[in-house]
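Here is the structure we will look at, set down as structure tokens.
Every number for a ligand or one of its atoms is a count from 1 in the order of the listing. Residue indices begin at 1 and follow the sequence shown.
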Amino acid sequence: MTATLIDGVALSKQLRTEVAQRAAALAPKGIKPGLAVILVGDNPASQVYVRNKVKACEDVGFHSVLEKYEATMSEAELLARVEALNNDPSIHGILVQLPLPDHIDDHKVIEAISPLKDVDGFHVASAGALMVGEAGFKACTPYGCMKMLESIGMKDLRGKHAVVIGRSNIVGKPMALMLLQANATVTVCHSGTADLAAMTRQADVVVAAVGKRNVLTADMVKSGAVVIDVGMNRNDEGKLCGDVDFDGVREVAGWITPVPGGVGPMTITMLLVNTMESAERVAAGR
Ligand SMILES: NC(=O)C1=CN([C@@H]2O[C@H](COP(=O)(O)OP(=O)(O)OC[C@H]3O[C@@H](n4cnc5c(N)ncnc54)[C@H](OP(=O)(O)O)[C@@H]3O)[C@@H](O)[C@H]2O)C=CC1
Ligand SMILES: Nc1nc(=O)c2c([nH]1)NC[C@@H]1CN(c3ccc(C(=O)N[C@@H](CCC(=O)O)C(=O)O)cc3)C=[N+]21
Ligand SMILES: [Mg+2]
């Protein structure tokens, strides 16, 4: 079997067209969805992602602000910028690009963002809402993965076993909760898992979110399984690659997401969706 690709670029294009239409529908009310992105320091990967986010905003007719600061910026200065954006009515979403320099406490900065503008879904209020099944912003990467599953007719995962590799607060854990919400039976694996392959071989859906190449190889995948690759790594030639041994696994899996062109673009798309929802909430006076 050769797996069918789940094309994150094509799906993003569809979803972004819908977002652009929703943004246009708010224009008569004098509201333009606005996203503020804060980048501290000069991490080259962050520069690329942040530029992609700003470009994506322009494409769907959003207002976007990119604030760049020196790596030496103090935590207090950053917190003051977040507070100013919390109070800025032209801004509906705030994203502080991670990682932050070591002298700044990521957690403190994330918690300073108003939950009403937390379009990353990283605030403890957003995470808590997901945990108990209440309305709140969903973390963009796992949210994008759920949209990819939905696009192949797997919105309801009743009877399916999903295995998530990774348990970070921004990817693995919210991913597991969203899969659970969709009725999957969920296993979460991490660096303390004794026999990863024994877990993944049982999976109908595998989500790899580790940050290491070739964490998932063909011998670890059940025939016909859906494989979602969140990883962003560089191979020896400096080329972008995921956590999955793509060439091997595609011969076994039923569906597979590529890197690049898979989860990455979907993450940015869901950021636009969350910002859109935030602006719509304001427009509706909610
Ligand atoms: N496409 C996108 O839009 C995005 C991609 N990413 C990428 O996704 C990847 C994961 O990101 P993130 O969650 O932030 O990373 P973290 O480093 O925070 O988490 C990695 C997780 O993988 C687990 N792990 C490490 N080694 C192994 C192993 N050998 N077997 C099983 N589990 C292991 C860790 O376990 P433990 O908890 O025990 O340490 C941890 O839970 C990275 O490549 C990142 O760049 C991230 C965000 C967005
Ligand atoms: N507050 C915060 N929110 C984030 O959402 C966040 C973050 N910090 N820090 C870093 C990670 C990483 N991340 C990516 C987003 C898009 C691509 C993406 O578009 N990737 C393209 C390729 C990009 C390239 O060519 O390098 C693709 O996979 O096709 C990748 C990675 C968001 N993150
Ligand atoms: Mg830090």
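Contact residues of ligand 1 (protein heavy atom closer than 4.0 angstrom to a ligand atom; sorted by chain and number): Thr141, Ile165, Gly166, Arg167, Ser168, Ile170, Val171, His190, Ser191, Ala209, Val210, Gly211, Lys212, Val230, Gly231, Met232, Asn233, Val263, Gly264, Thr267.
Salt-bridge check for Lys147 with Glu150: passed, with a basic side-chain N closer than 4.0 Å to an acidic carboxylate O. In summary, Arg16 and Asp59 do not engage in a salt bridge, as defined by a charged side-chain N under 4.0 Å from a carboxylate O. A salt bridge is absent between Arg201 and Asp195; no separation between the charged side-chain nitrogens and carboxylate oxygens falls under 4.0 Å.
Think of Val37 as one node in a network of Ile, Leu, Val, Met, Phe, Trp and Tyr side chains linked at under 4.5 Å; its network also takes in Leu35, Leu39, Val50, Val54, Leu66, Leu95, Val119, Phe137, Leu271.
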Measure and list all N/O to N/O distances between ligand 2 and the protein that fall under 3.5 angstrom.
{"residue": "ligand 2", "atom": "1 (N)", "partner": "Val96", "partner atom": "O", "Å": "2.8"}
{"residue": "ligand 2", "atom": "1 (N)", "partner": "Asp120", "partner atom": "OD2", "Å": "2.6"}
{"residue": "ligand 2", "atom": "3 (N)", "partner": "Asp120", "partner atom": "OD1", "Å": "3.0"}
{"residue": "ligand 2", "atom": "3 (N)", "partner": "Asp120", "partner atom": "OD2", "Å": "3.3"}
{"residue": "ligand 2", "atom": "8 (N)", "partner": "Leu98", "partner atom": "N", "Å": "3.1"}
{"residue": "ligand 2", "atom": "9 (N)", "partner": "Gln97", "partner atom": "NE2", "Å": "3.0"}
{"residue": "ligand 2", "atom": "9 (N)", "partner": "Leu98", "partner atom": "O", "Å": "2.8"}
{"residue": "ligand 2", "atom": "29 (O)", "partner": "Gly261", "partner atom": "N", "Å": "2.7"}

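Other residues, nucleotides and ligands contribute more than 12 heavy atoms inside 6.0 Å of the NE2 atom of His190.
Looking only at atom types and distance, the side chain of Glu75 has no donor-acceptor partner in the side chain of His103 under 3.5 Å away. Side-chain polar atoms of Gln14 and Thr17 form no donor-acceptor pair below 3.5 angstrom. Neither side chain, Asn235 nor Lys239, offers a donor N or O lying under 3.5 Å from an acceptor on the other.
For residues 246-263, the side chain to side chain donor-acceptor pair (under 3.5 Å) pairs, not counting sequence neighbours, are Thr2-Glu251.
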